[in-house]
Amino acid sequence: MKVKQIMLENPRTLHYSQTIRDACHLYRQTKVNCAPIVNDQNTVVGILTVFRLLEAIEEGATFATTVDQIMEKHLQIIDENTAFHDIREQTMDRLLIYNNEQKLTGVLTRIDLINKVHGALMNSEDRLAEAHEINKELRSVIEASYDGIIVVDSQGSVQMVNKSFFRVQGSDHDPMGGPIEQLTIVCREPLIQVYQRVMAEGKVMFERYTGKHLTELVITGSPVFDELDELVRVVISIRDLTQLNQLKLQTVQYSHELKSLRVKEQKDLIYHSAAMERVVNEALRVSGVDSTVLIVGESGVGKEVIAKTIHQNSPRAEGPFIQINSGAIPENLLESELFGYERGSFTGANKEGKPGMMELANGGTLLLDEVGDMPLNLQVKLLRAIQEQEIYRIGGRIPIKLNIRILSATNKNLEKLVKERKFREDLFYRLNVVSIKVPALRERKSDILPLAKHFLNKVNERYKMRKYFSYEVYKLLEEYNWPGNIRELANLVERLVIMSEQDTIFPDQLPEEFSVNQSSTPLRVTVDQIVPLKEARDIVETELIIKALKEYNSLRRAGEVLGVAHSTLLRKARGLGISYAD
């Protein structure tokens, strides 16, 4: 028997621009469970099954989604003259059948195969021997399926099951010959419902089952008709989605971890503290959606860097990132900077007109920095622009459609400004869908030294220098309160590098305010008894190493604070029998 004798001939196709709604209509018309997808040249570029369609809808697709977005692109193609016994051992879901001219002539699915073979079995007694051979081949195909398959006749009697059925039901009980109502499987009720609906409506039916321990099954019932168009069999497949769902969860986790790694590779995002780890994780979580985000924190804490992190890890990463500082632009110019203007709108305007920042951000992200300083009269227009996603240039009459994401940042308490009627309440709630607070530098001491080294390397590279900080300088930097936060640290590092006449920068080159942090009383060590100097040195060294490892919980970090190389501290810790975390 050749493939062309059992295939579904001249299958109806879908153009790749058609929608899920069109696909559903086709399935109802033709009573098939898959359709080839073709392009403008009528070349097959994919295939769409009912199962894939349902999966896509579960993932968020709508009836308006085009089929090219969800179709399966991996195609299995065979020649129509291929002998059936050459493919019967293959684990196949569906095959596209081509003729010698490489034209699509048919489709062969597992369900189609069952329909054809059962029809052949019921055709005539003269073909009994051939039907017997086909039945063996059918059995091979059914057994090759990873899905559990059960065939039930029109009287509700179980005619056939495959080995996967026993794996899915988690039991060795053989239901062959018994009524479907007496099945002893966890998904018995939905399976019976699918069977009854297929028998009543004569078309493919689906049902989902969710059990204990995150078990999720998809049950599909397909009718089998004889030559008189009588429904004689129902083929029910049970697909276990549990492992697939676990893989999806792992994929999401791996994706988040990879995104975190990419974030840590960003040159301007330097952090070691748990507080900043939480901030970055929050930024990554909101990066995948278009919600407005309000980034709050003191001046100089790095709110702009967090905004860029959100943009760079979002679907808009290839689009522009536009920033406008509401507090740095005079009030009379801020509106034109934000919305743009048409030519001749006002005296001194550019003769050709000018697009505004919101227009320039189309397809990307707009950061409204220091949004708390925005005048009240502009807040109304901004709110409308965000809600309607359209603006009018000053002097313009034609609306300009926008496709932008709004991020905002402020060092002010907007809730307090709302109560004082200095900031619109409706705009506040529109901007504050998600809020991210960036902690001050004094609240994340473990970030100070990495940031200082980062800025030192940048300045050295910029000015072709090789300056270093002494250990005492690093210690004073870490103890300082940093009222100006990261911006103050960056400016100080640049000033120290430029003004230092030596390669090594010592504490006496720091500004006067740093000397306040130094204790006027020198460090004293209490001696209770006289011991050999070597033993005393080992005791003090051991106590210092234990204290540093306990405080910083990192061998590398403790080495930096103690002023010794990582390898040296590792050797000393091992020699003294001190446990540590690398």
Side-chain angles (χ1 to χ4, degrees), residues 264 270-277 439-460 465-482 486 488-490 492-493 496-497 500-582:
K264 290 183 177 180
I270 308 298
Y271 65 92
H272 281 187
S273 65
M276 276 305 293
E277 182 79 28
L441 190 54
R442 63 181 173 276
E443 298 172 2
R444 42 188 175 110
K445 293 284 189 180
S446 59
D447 288 341
I448 295 174
L449 296 193
L451 284 166
K453 291 180 179 180
H454 169 69
F455 294 134
L456 178 63
N457 292 335
K458 285 183 67 175
V459 177
N460 274 331
M465 295 181 177
R466 297 184 62 186
K467 300 294 180 70
Y468 303 91
F469 288 145
S470 67
Y471 165 73
E472 293 82 2
V473 168
Y474 277 123
K475 191 66 177 174
L476 291 174
L477 293 179
E478 192 172 43
E479 293 174 354
Y480 185 57
N481 203 39
W482 298 108
I486 298 174
E488 181 184 4
L489 174 60
L492 174 66
V493 170
L496 291 173
V497 171
S500 174
E501 297 179 355
Q502 303 172 338
D503 284 344
T504 303
I505 300 171
F506 293 100
D508 59 349
Q509 296 171 268
L510 292 170
E512 291 183 2
E513 56 264 29
F514 282 82
S515 62
V516 176
N517 294 307
Q518 299 185 62
S519 174
S520 57
T521 304
L523 177 66
R524 298 182 62 85
V525 178
T526 302
V527 179
D528 295 328
Q529 59 180 309
I530 299 174
V531 296
L533 289 178
K534 183 179 184 305
E535 184 178 344
R537 193 162 49 244
D538 290 343
I539 292 172
V540 173
E541 195 171 75
T542 301
E543 290 297 321
L544 285 173
I545 292 175
I546 292 174
K547 183 175 178 62
L549 288 173
K550 183 177 179 180
E551 182 171 348
Y552 295 99
N553 197 32
S554 167
L555 199 63
R556 295 185 183 278
R557 183 73 185 86
E560 293 173 359
V561 175
L562 294 174
V564 297
H566 169 265
S567 57
T568 302
L569 182 59
L570 175 62
R571 177 171 48 79
K572 286 181 176 293
R574 285 176 175 172
L576 295 170
I578 300 173
S579 59
Y580 56 87
D582 199 353

Counterpart residues, salt bridge (charged side-chain N to carboxylate O under 4.0 Å, His left out), relative to Lys467 (two or more places apart): none
Salt bridge (charged side-chain N to carboxylate O under 4.0 Å, His left out) involving Arg442 - partner list, sequence neighbours excluded: Glu298
For a 4.5 angstrom cut-off between non-hydrogen side-chain atoms, does [X] reach [Y]?
X      : Y      : answer
Ile270 : Asp447 : no
Glu479 : Lys475 : yes
Leu510 : Tyr480 : no

Quick check for you: to the nearest 0.5 Å, what is the distance between [X] atom [atom1] and [Y] atom [atom2]?
X      : Y      : atom1 : atom2 : value
Leu492 : Glu513 : CG    : CD    : 8.0 Å
Leu562 : Lys547 : CG    : NZ    : 11.0 Å
Thr504 : Gln509 : OG1   : CD    : 9.0 Å
Leu476 : Ser470 : CG    : OG    : 8.0 Å
Ile546 : Glu541 : CD1   : CD    : 11.0 Å
Ile448 : Ile486 : CD1   : CD1   : 10.0 Å

Under the side chain to side chain contact (heavy atoms under 4.5 Å, CB included) test, residues paired with Leu489 that sit two or more places apart: Leu441, Leu451, Ala452, Phe455, Trp482, Val493
Minimum-distance pair of heavy atoms, taken over all atoms of Val473 and Pro507: CG2-N, 3.5 Å
Pro450 versus His272, closest heavy-atom pair with distance: CG-ND1, 3.5 Å
Any donor-acceptor pair under 3.5 Å from Arg444 side chain to Pro439 backbone: yes
